[in-house]
Number of protein chains: 2
Amino acid sequence: MTPAAATPPAAPNRRERVRAATIEEIKRTALDLIRETGTVDIQFTAIARAMGLTAPALYRYFADRGELLTALVADSFNDLAATLDTARASVAPDDLGGRLLAACQAYRHWAAGDPERFALIFGVPVPGYTAPHEGPTTEAAHRAMSNLAGLVLDTARAGRLRPPAVTQVSEQFAELAGRKAHTEMGGGGMTPEIYQGMLVTWAALHGFVALEAHGHFHWMEPAVRDELFVAHVRAVAGITGLVAP
Amino acid sequence: MTPAAATPPAAPNRRERVRAATIEEIKRTALDLIRETGTVDIQFTAIARAMGLTAPALYRYFADRGELLTALVADSFNDLAATLDTARASVAPDDLGGRLLAACQAYRHWAAGDPERFALIFGVPVPGYTAPHEGPTTEAAHRAMSNLAGLVLDTARAGRLRPPAVTQVSEQFAELAGRKAHTEMGGGGMTPEIYQGMLVTWAALHGFVALEAHGHFHWMEPAVRDELFVAHVRAVAGITGLVAP
DNA sequence: CATAACAGTTATGAGGCGTAACTTTTCTTA
DNA sequence: TAAGAAAAGTTACGCCTCATAACTGTTATG
């Protein structure tokens, strides 16, 4: 309550900066260990050791393992979303097929290059992790979806969107699509059929990415996987009616 | 080296039967605990407690946690494969669309009803689990694939297989498909295009199942998810040229 | 410069994994 | 059927991890 208490908003104290840096270092070290050990079961002790600290020191920054896990999940969300956006934006706006492929490849490579992190977001919760079953978990699907939705809207605006592969839509789904289409996206030209196609496309894409990230396609040489993935993207693009690469 | 040592092959001693039963009980208890806690990180101690034993007793049956995990994975494989076969066989052979849908639904419900077990097979390895990166992991894809292949061959034999959605096949993939088609399946009428379509269909199907099993579709009501899944199967059936349900 | 906030340490307890040594039960067989 | 081998299960133990408590040093701030 001192009169000079007007510094909480815009004052990155030196103290606070070094603290933030330490937090970053902890998270980075944790990710390194996760990648090294190939498991998502991080050990506070190991992190501290790698940083030249003792374990209890970490409790100054994270209340427990679960909190650290939660932070890692949140970061992964942001990282993935940013990666997808960057990839999509790296291709000329009128090259719709190229934009789709770029975003899909980014998704794929992000997952394959960091399977544990991918599992952290899209897999089952881990031991100490207080599964926020309605929080970031569903947000993952939504963010990835919104990226895809952007592509669909762009394609529709360009007048190049073809009809989706499946035109039968149940009443119940149409009702949901009507709600979602208006609240989540512009809604310009979004029909239940297209919304359904988008969900199917996104799920189908996810399947390839998940299988490959977890090693179930390792019986194919990488070059062959690459080609197959392009075919996969072509196929799933057709489901929504997007321009295939 | 006693003369009466001619009983090792066909002699399920009472000893051995009760031992086998105990092993089954351990695995069953482990699965129960996995489902209860929602994590795949089983605790030997907890299993023993639930069985009214002390922890070291379990080491008579499994060398360590990893070995138990491995056994659970193997069992899950067999269970899933059997479930799929049963489901497919439960529909009249001439109802090709029905057979496809039945197998897909079986896959889906198996995963959604037992997400941890699903993750055990298709997710990342767990702490104590000595990742057999070339063993059961790849076998998972193969078994699920062979079930799908059976459907494709049936459809082709019935003369109802339509051309796959994507007909562009890279040379490298065609070469691989040529090898696989002959070694793994009868090869009757299997072209690289169809083989590619099968892989894409299977991956696409897996995507929906994985997302739903891990709760990423929980923002939809179950009934809506049901309808969407049917649409999904219709779409992915078209990729290979199968008869849609 | 005094003092409050913070970072980090050692000490400690609870609990899990896995091994060793011992006891009890069960089967085999002479 | 009685003796002994084999297997099942127990207690005791060492090591490691998580997490908390109590203490020491350091840094910013009046």
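Note on naming: letters A, B, ... go to the chains in the order of the sequence lines (proteins, then strands), and numbering restarts at 1 for each one. Heavy atoms only: backbone and side chains are in, while hydrogens, waters and symmetry mates are out.
When side chains are defined from C-beta on, A:Phe229 does not count as touching B:Val200, because their heavy atoms never get closer than 4.5 Å. The side-chain heavy atoms of B:Leu151 and B:Thr240, taken from C-beta on, include no pair separated by under 4.5 Å.
When the side-chain nitrogen and oxygen atoms of A:Thr22 are compared with OP1 and OP2 of C:dA7, none of them lie within a distance under 4.0 Å. Residue B:Arg19 places at least one side-chain N or O under 4.0 Å from the OP1 or OP2 atom of D:dA8. Close to D:dG9, at under 4.0 Å from its OP1 or OP2, lies a side-chain N or O of B:Tyr61.
Rounding to whole angstrom units, CG of residue B:Leu69 and P of C:dC17 are separated by 12 Å. Atoms CD (B:Glu67) and P (C:dG18) sit 11 Å apart, rounded to a whole Å. Taking atom CZ of residue A:Phe62 and atom C1' of nucleotide D:dC18, one finds them 16 Å apart after rounding to whole Å. For the pair B:Leu58 CG and D:dG9 P, the computed distance is 9 Å after rounding to whole Å. Going from atom CZ of A:Arg17 over to atom P of C:dA7 covers 14 Å, rounded to whole Å. One atom, CZ of B:Arg60, and another, P of C:dG18, lie 16 Å apart when rounded to the nearest Å. The CG atom of B:Asp41 sits 12 Å away from the C1' atom of D:dT17 (whole-angstrom rounding). One interatomic measurement links the two molecules: CG of B:Asp64 to P of C:dT19, which rounds to 8 Å at whole-angstrom precision.
Two rings, from A:Phe62 and A:Phe44, have their centers 6.0 Å or more apart.
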Below 3.5 Å is the cut-off: list the nitrogen or oxygen pairs between protein and nucleotides 25-29 of chain D, distance only.
| unit_1 | atom_1 | unit_2 | atom_2 | d |
| --- | --- | --- | --- | --- |
| D:dA28 | OP1 | A:Arg14 | NE | 2.6 |

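Checking D:dG9, D:dA19, C:dC17 against the side-chain heavy atoms of B:Ala57 singles out D:dG9 as nearest. Residue B:Thr45 places its side chain closer to C:dC17 than to any other of C:dC17, D:dC18, C:dA21.
The main-chain N or O of A:Thr201 is never found under 3.5 Å from a side-chain atom of A:His206 such that the two would form a donor-acceptor pair. Between the side chain of B:His232 and the main chain of A:Ala204, no donor-acceptor pair closer than 3.5 Å is present. Panel note: side chain A:Arg99, backbone A:Arg88; a donor-acceptor pair is recorded below 3.5 Å. Not one N or O on the side chain of B:Thr29 forms a donor-acceptor pair closer than 3.5 Å with the backbone of B:Ile47.
Remark: A:Arg108 fails to qualify as a cation-pi partner of A:Phe208 under the 6.0 Å distance and 45° angle criteria applied to the six-membered ring.
Listed in residue order, the members of residues 46-56 of chain B having a heavy atom less than 4.0 Å from DNA chain C are B:Arg49, B:Pro56.
At a cut-off of 3.5 angstrom, counting only N and O atoms as typed in the model, there is no donor on one side facing an acceptor on the other between the side-chain of B:Arg65 and the base of C:dG18.
Just one of A:Thr22, A:Asp32, A:Asp75 meets the side-chain hydrogen bond (donor to acceptor under 3.5 Å, both in side chains) condition when paired with A:Lys27; it is A:Asp75.
Contact annotation for B:Tyr59: base contact, defined as any heavy-atom pair under 4.0 Å involving a base atom.
Aromatic ring orientation, B:Phe122 versus B:Tyr107: perpendicular (interplanar angle above 60°, classes split at 30° and 60°).
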